[in-house]
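This report concerns only the one structure given below.
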Number of protein chains: 2
Amino acid sequence: MADARAPGNRRRPRQSDIARSAGVSQATVSLVLRGAPTGMSLAPATRQRVIAAAEELGYVPDPVATRLAAATNAMLGLYTFSATFPTDVAHSYYPILVGVEEEAAAQGQDLILFTGSARAAARADDPAAVRRVRVADGCLFFGRHVPAEPVRRLVEDGFPFVYIGRRDEAGVPYVGADYVSASADVVARLAAAGHRKVRYLREHDQALASVDREDGVLRGARDAGLDTLVVRTDGSDLDALLREWLDAGVTAVVVEQTDTGAALAGLGAAIDRAGLRCPGDLSLALLGAPTGTRGSAPGGGAAFSGFDVPMRAMGRGAVRLLLRLIAGDLEGPSRRLLPCEPVEGGTIGPPRPPNRTTGRA
Amino acid sequence: MADARAPGNRRRPRQSDIARSAGVSQATVSLVLRGAPTGMSLAPATRQRVIAAAEELGYVPDPVATRLAAATNAMLGLYTFSATFPTDVAHSYYPILVGVEEEAAAQGQDLILFTGSARAAARADDPAAVRRVRVADGCLFFGRHVPAEPVRRLVEDGFPFVYIGRRDEAGVPYVGADYVSASADVVARLAAAGHRKVRYLREHDQALASVDREDGVLRGARDAGLDTLVVRTDGSDLDALLREWLDAGVTAVVVEQTDTGAALAGLGAAIDRAGLRCPGDLSLALLGAPTGTRGSAPGGGAAFSGFDVPMRAMGRGAVRLLLRLIAGDLEGPSRRLLPCEPVEGGTIGPPRPPNRTTGRA
DNA sequence: TCAAGGGTTTAATTCGTATTAATAAGCAAT
DNA sequence: ATTGCTTATTAATACGAATTAAACCCTTGA
């Protein structure tokens, strides 16, 4: 088991090889390459010889050994509880990865994707596997289904990590999005456009992101004095519900955007089947608009009105926060909520006059 | 720097703690927890005591130490030479990552993205930085601009690695796509549709992928006895060229798909400006069609005809090959070209009759 | 000449686990 | 009682680098 080396293969050079080659001790090699502590000096000639030998042999420090000796290795972990690179292009999380990668690269940090470990952990139902993240200097966590216990242990051990997305657990650092304010703001915009009767469509999911949006919607509705109702759906058979809403004088619908997009897809299908136009017949707002070109709404194909989740910024911010935690020089709070940019879009208009008839029977 | 431990929490338990608690040696603990080699037996009572103590203390093995002792670390590297890591889904290489991650996860391997190192290497123009990939058990390389020297060193050292994309250098294992056959096949399809006069538009790039496509086009044209000409472009000002072609009786154009997409974009713009329809006025074929929905062609918006680069399969295949190299049990060749799937699309039609006038003056 | 001092280098130890060679203990047979 | 043979356990060491205390120069100054 020990020998996984391909045949006919020189061993990776280590510090002792350099030492022998340069005629010094391993300790000296470490001091030269790692940098001597203040007050200790190396002879320039020695330094040169060591560096030359290291170059000659193609030495690269073993991050595992480095890590075991309690230093850092310029590697950040990324532990996701789903695929890191989503196969489905419709998957909405990848801008986070873009942000993480951008910032990590800018900071000279490499990235370890614990996809193999995560998969193994899930398959074997082995909560201890999360510990593997300790090979990195610190780790980003991301995803909905997170085993609480192993993460609690990481906190306890003082291992630096950051969640992407808000978390409730005490002492867990995170970088999230301020869904509450953003959602309230969307409702306020509907109110400003003249809407009085609004419905909020969400999924059955218990995720914090969903809870926050609902909180925001309710807060915005209360502040504006709107008639609002929260409805949960799995996205199927929304035709009757839509009809009912229209008959009751509802003029605007707010939908949450999730990773599955079930609620949105279901509503969109129902709107198309009913032959409704947006925002002519019905105003639509999306809490968390998908980025780029994929945001064409049903009933006319306009860009969704709503807000933009700053996913890329979250990724970047999480990396920055993590690096501060690793360095230990954290002054401010280790929990941050980033503001969501309002998206004007084209699906919010004035409310449809109650007398006008809808698309078709 | 040394202390990454949060203040005031106890050190996490290690094997020696269990040993003390159970009244055995550390070696025994390791043997119990890890499993003794065949031929060596543990007393059931001892085993019980050790397991109980480990449970009691909440022991979890330190993966860092485990790997330091075990020599292989179940980590595969991924090093790209492009300016930015293709985490953006819009990037044409993204499916490769999907494939790599899929297969790595399935094999229980974690993935190290050397984005930070690559960036640093590029910035400092330090070819030695590539050596950092040795922290992984093996590495995948990917990208057009590859510093030859450090890679040659890796070959020399016997470090297991695999290129994604064909390489000329001797002894470099790769998983690529058979652009030659696929391109020849596309030309054959044009010939079968009745086209006699065809132009091939490519970029100035010297990349092997471009060379292969041109070779394939030329081979296909020769086999079918077509009148063919290769034209290089940077994608700008193709209007005059397009006009010239039409006047000369050209009825089909083949374009290469690259990471920049410059040639294709330029031709598309020229076609749109000329008000041409595809395939009514001109047949189009794309060598390496973008996957999914992004492939709508100019002059009508049909899906491109051409072939599909099996990027996902390349990613998966590269991981599999790399693991075989690492394990050392390689029987077959370490160079593989995967076939490209032909894509029917809607931009190849019968040639336009020579008498009919084109879109506009 | 010896001691003191400063600049350089190294021996020794640490990190936590895996593994092997060696030891100890138990028991049967001689 | 001694040898021989299992079975159970441990001492010792490797893994590769970081770190500290100690040793080694080589000058100066007395």
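Chain letters run A, B, ... following the sequence lines, proteins first and then strands; every chain starts at 1.
Note that CD1 of B:I112 is 13.0 Å distant from OH of B:Y79, once rounded to the nearest 0.5 Å.
Residue contacts for B:V24: at a heavy-atom cut-off of 4.0 Å it reaches the sugar-phosphate backbone alone, with no base atom in range. As judged by a 4.0 angstrom heavy-atom cut-off over every strand, A:S16 is placed among residues making no nucleic acid contact. Residue-level contact check: A:A43 touches the backbone only, with heavy atoms under 4.0 Å from sugar-phosphate atoms and none from bases. Among the atoms of the strands shown, base atoms are found under 4.0 Å from some heavy atom of A:L31.
For D:dT10, the OP1/OP2 oxygens have a side-chain nitrogen or oxygen of B:T28 closer than 4.0 Å. Between A:R34 and D:dA17, a side-chain N or O to OP1/OP2 separation shorter than 4.0 Å is absent. Using a 4.0 Å cut-off, no side-chain N or O of B:R67 falls inside it from OP1 or OP2 of C:dT17. The phosphate of D:dT9 (OP1 or OP2) has a side-chain N or O of B:T46 nearer than 4.0 angstrom. One finds no side-chain N or O of A:Y59 lying less than 4.0 angstrom from the OP1 or OP2 phosphate oxygen of D:dG16.
Minimum interatomic distance between B:A53 and B:S21 (heavy atoms only, all atoms of both residues): CB-OG, 3.7 Å.
When rounded to the nearest whole Å, the span between CZ of A:R14 and C1' of D:dG16 equals 8 Å. Atom pair A:R49:CZ and C:dT8:P shows a separation of 13 Å (rounding to whole Å applied). Distance, A:R134 CZ to C:dC15 P: 14 Å, rounded to whole Å. If you measure from atom CG of B:L68 to atom P of C:dT17, you get 11 Å, rounded to the nearest angstrom. A straight line from CD1 of A:I18 to P of C:dT10 spans 14 Å, rounded to a whole angstrom. The CG-C1' distance, from A:L42 to C:dT10, rounds to 12 Å in whole Å. Going from atom CD of A:Q15 over to atom C1' of C:dT9 covers 15 Å, rounded to whole Å.
For A:R336, the CZ atom counts as loosely surrounded, since its 6.0 Å shell holds 12 or fewer non-hydrogen atoms of other residues, nucleotides or ligands.
Using a 4.0 Å cut-off between charged nitrogen and carboxylate oxygen, A:D137 and A:R67 count as a salt-bridge pair.
Comparing D:dT10, D:dA17, C:dT17 against the side chain of A:A69 picks out D:dA17 as the nearest.
Scanning atom types as modelled, no donor and acceptor separated by under 3.5 angstrom connect the side chain of B:Q26 and the base of D:dA11.
For the pair B:D62 and B:M40, both in contact range of DNA chain C, the more 5′-proximal nearest nucleotide belongs to B:D62. Closest-nucleotide positions on DNA chain D for A:S30 and B:R47 were compared, and the one nearer the 5' end corresponds to B:R47.
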- Run the numbers on A:V162 and A:V175 for side chain to side chain contact (heavy atoms under 4.5 Å, CB included), then give the verdict. CA-CA 7 Å; A:V162 171; A:V175 173; 4.3 Å; yes

